[in-house]
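Every chain is numbered from 1 and lettered A, B, ... according to where its sequence line falls, protein lines coming before strand lines. Every heavy atom of this structure was used, including side-chain atoms; hydrogens, water molecules and symmetry mates were not.
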Amino acid sequence: MNYWLMKSEPDTFSLDDLERKGSEPWDGVRNYQARNFMRDDMRVGDKVFFYHSNCDVPGIVGIAKVASKPYPDPTQFDPKSHYFDAKSARDNPRWVLVDIAFVKRLKRTISLAELKDDPALEGMPLVRKGNRLSVMPVDAAHWKHILSLAT
DNA sequence: GCCAACGTTGGC
DNA sequence: GCCAACGTTGGC
């Protein structure tokens with residue numbers, strides 16, 4: 001079992017949206033490192049921290065899980081999509097995604113400020129300066145610690 | 001293969 | 001809205 005953190009802007013797609021829909025193809029990832037995590041390392045059933053970025057209180061708001069194997073992101077082939085990639089070929093897709101399913105909401109938001117201040121989370125990619133990854137792994141120890149903050 | 005220019009992310 | 005950080009692109 002691997003643990004992950006995935007960022008979403010709540011104005012675009014929030015935890016509420018995920019709860020309403022049940023599950024969602026995590027489309028639009030256009031960063032190779034993030035793609036590689038989804039393509040190479042994610043397994044169905046892996047747990048995911050759902051993180052709200054670019055909002056009043058950025059932080060972890062809920063838990064989701066990986067609900068599919070990786071498959072090509074259909075938006076890369078759609079010329080009308082914001083995520084269209086003219087350089088990606090159908091027989092050799094550049095971008096893949098997984099489906100993400102709602103699990104639960106945390107009792108409270110664990111804000112980025114709190115995560116940054118917590119010595120137990122030192123070294124976590126999320127709190128490193130300049131980090132921009134939208135999909136990243138979470139250590140099992142960090143996962144447990146963050147869960148304990150939320151109860 | 002270097003690196004300047006450019007675009008994007010995302011906190012503040 | 002600003003801007004630091006950083007990935008990508010493209011000229012050479």
Between [X] and [Y], does at least one N-O distance fall below 4.0 Å, as a salt bridge requires?
X       : Y       : result
R43(A)  : D46(A)  : no
R30(A)  : D73(A)  : yes
K116(A) : E122(A) : no

Check: When you match H82(A) and L112(A) each to their closest nucleotide on DNA chain B, which lands nearer the 5' end?
Finding: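 Taking each residue's closest nucleotide, the earlier one in sequence belongs to H82(A).
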Notebook entry, point to check: What are the two closest heavy atoms between A150(A) and I110(A), and how far apart are they?
Noted result: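 It is CA-CD1, 3.9 Å.
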Check: How do K87(A) and N31(A) order along DNA chain C: which one's closest nucleotide is nearer the 5' end?
Finding: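 In this pair, the answer is N31(A).
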Notebook entry, point to check: Between W4(A) and F49(A), is the gap from one ring center to the other below 6.0 Å?
Noted result: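 No, too far apart.
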Check: For the ring pair Y83(A) and W95(A), is the centre-to-centre distance below 6.0 Å?
Finding: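 Distance test on ring centres: not under 6.0 Å, no.
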Note to self: Quick check for you: to the nearest 0.5 Å, what is the distance between Q33(A) atom CD and M38(A) atom CE?
What the structure shows: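 These two atoms lie 12.5 Å from each other.
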Next item on the list: Please round to the nearest 0.5 Å and tell me the distance separating atom CG of D139(A) and atom CG of N2(A).
Entry: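 Atom-to-atom, D139(A):CG and N2(A):CG are 10.5 Å apart.
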Check: Going by heavy atoms closer than 4.0 Å, what residues in residues 128-136 of chain A are next to DNA chain C?
Finding: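 By residue number: K129(A), G130(A), R132(A).
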Check: Which is the 5'-most and which the 3'-most nucleotide of DNA chain B that has an atom under 4.0 Å from a heavy atom of chain A?
Finding: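 Going 5' to 3' along DNA chain B, contacts run dG7(B) to dC12(B).
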